[in-house]
Q: 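Dumping the structure here so I can ask a few things about it.
Because the structure is a prediction, the values reported are computed rather than measured. First the proteins, then the strands, lettered A, B, ... as listed; each starts at 1. Just so it is clear, the values below take in all heavy atoms, side chains as well, and ignore hydrogens, waters and symmetry mates.
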2 protein chains.
Amino acid sequence: MTNKPKSAERKRGSGAQFVYSILRDEILDLTLLPGSPIDEIRLSERLSMSRTPIREALVRLASEGLVTTLPNRSTVVSNIDFMNLHTFFDAMTLMYRVTTRLAAQFHTPADMAAIRARQAEFAKAVAAQDALSMIATNREFHAEIARAGRNPYYESLCLRLLDEGRRLLRMYYQSFDDQLPNEYVQEHEDLVATIEARDVARADSLAGTHADQIVQQIQALISRDRRQHIEL
Amino acid sequence: MTNKPKSAERKRGSGAQFVYSILRDEILDLTLLPGSPIDEIRLSERLSMSRTPIREALVRLASEGLVTTLPNRSTVVSNIDFMNLHTFFDAMTLMYRVTTRLAAQFHTPADMAAIRARQAEFAKAVAAQDALSMIATNREFHAEIARAGRNPYYESLCLRLLDEGRRLLRMYYQSFDDQLPNEYVQEHEDLVATIEARDVARADSLAGTHADQIVQQIQALISRDRRQHIEL
DNA sequence: CGTAGATTTATTGTCGACAAACAAAATACA
DNA sequence: TGTATTTTGTTTGTCGACAATAAATCTACG
């Protein structure tokens, strides 16, 4: 299935990193569902390597909150805390605003080129109506803006939130992929233009409304989902 | 020197956690200076345990940015990036404001009791003119406020920034401990009162000015330090 | 005397194995 | 039959050892 290089083919020192990125992707793509246990031995067999690099990857994932390790018990994929989603929305909105603001202040021509490239990928995914690709490219677009802001503290929180959002969106887009967010492409275009123009106030405002839009959409998906559950 | 329980005395599963907290404290207290290498074998001898739990602790510290692992080379304590301190100040100020704001909105009686307890400890440290204790208790005070805000995303960033700040302050207070920040005690009192009164706007504003004060003090210490270096 | 290459040494990354802890199954007993 | 207890099995936490890699040292040669 997935390309798994044999242990001999991989370079020394890349083991944990390799396992980390594999697991991370599987968690964020919901290939590993929230709450499902992660067996170290089975994983070591699947990736044909020792338990040591796998444990290191798990420690890293745990420190980022993607997995939860029960002492002396199996580590499980962290659940999505639906009760406290508002904290996620709140932080997401603020980080969108702050990073976009900083990007408008500090971007370089190279940053703009990178941002435009991400935006092009996002537009292509939307045109193709590929929901999964949309989620991924949207994440990369905002990650690139955060990078241009050049504040590693904001950037790391933003990346964490984008990952969490990717997982959340993945959960709903696999059932409701009939949404057509063409307006998001336009909003992104406006965002890019405003950043390039170094219009800090407008960048802040646009990022805020953009975040609100996404929040509203997710909430709509959730309530739609809830209603279904009730009707069963 | 330090109380090191023999491996038999410690509970199974607490090994990595134990090493983590030891190393973390030593890094933040500057017992381990930035840039100094961390030898796994020497550490395993010093703490009388295998290299495995030590490596886990190092992975955790690396994912929090406190140490940097050079591939196939020794992991070193992360340097303080003086060139980009402004990003730290920026994030610190925003997080002070946001978490204090949220604490004003969502605090419970239990939160207030905990915050007051931390404030009492801080006041005691200031009264005793114990610079190191001041740094630690100030950190705990703001960490408690962040906890009362009940947003885990803000809270984790805030904790990270407080740690970084603890290290930074430690660097200057060990040479210039003649500062007497009695006004900080009063500012903290005002902060507590405003939070309890649920005055969100004023809490935001107070937290902002409080952060500005601290930033100014650190910058003053840095410039004073610079002048000394030039005069040598 | 200095520099390039070979060799040694020290330290990390990985592995397989064992022991402790928890969960589940099986058994004893009322 | 139901509950408490023992036994069994599975998975983690820890350990010591080995292999790979880079730094440090040494050697040869200009």
Q: Whole angstrom is fine here: how far is it from CD in B:E56 over to C1' in C:dT14?
A: 14 Å
Q: How long is the line joining CG of B:L47 and P of D:dT14, in whole Å?
A: 13 Å
Q: Can you list everything that forms a side chain to side chain donor-acceptor pair (under 3.5 Å) with B:D39? Sequence neighbours excluded, please.
A: B:R42
Q: Charged N to carboxylate O under 4.0 angstrom, B:R166 versus B:D29?
A: yes
Q: How long is the straight-line distance from CG of B:N84 back to CG of B:D81, given to the nearest 0.5 Å?
A: 4.0 Å
Q: Between B:N72 (CG) and D:dT21 (C1'), how many Å, whole number?
A: 5 Å
Q: Reckon A:E40 touches a base, only the sugar-phosphate, or nothing at all at heavy-atom distances under 4.0 Å?
A: sugar-phosphate
Q: Send over the distance from B:R73 CZ to C:dT11 P, rounded to a whole Å.
A: 14 Å
Q: From the set C:dG16, D:dT11, D:dT14, return the single nucleotide nearest to any side-chain atom of B:S50.
A: D:dT14
Q: Using the test salt bridge (Lys or Arg N to Asp or Glu O under 4.0 Å), find all partners of B:R118 that sit at least two apart in sequence or belong to another chain.
A: B:E121, B:E144
Q: Which part of the nucleic acid does A:I38 contact within heavy-atom distance under 4.0 Å: base, sugar-phosphate only, or nothing?
A: sugar-phosphate
Q: Can you tell me how far P of C:dC22 sits from CG of A:D39, to the nearest Å?
A: 18 Å
Q: Check this one for me: any side-chain N or O of A:R51 less than 4.0 Å away from OP1 or OP2 of D:dT11?
A: no
Q: What is the distance from CD1 of A:I54 to P of D:dT12, rounded to the nearest Å?
A: 10 Å
Q: Closer to the 5' end of DNA chain C via nearest nucleotide, is it B:T69 or A:P71?
A: B:T69
Q: Any salt bridge linking A:E26 with A:R46? Criterion: basic side-chain nitrogen under 4.0 Å from a carboxylate oxygen.
A: yes
Q: Identify which nucleotide among D:dT11, C:dC15, C:dT11 has an atom closest to any side-chain atom of B:R42, counting heavy atoms from C-beta outward.
A: C:dT11
Q: Would you mind reading off the distance between B:I41 atom CD1 and C:dT12 atom P, rounded to a whole angstrom?
A: 6 Å
Q: Using atom CE of A:M49 as one end and atom P of C:dT14 as the other, report the distance to the nearest whole Å.
A: 7 Å
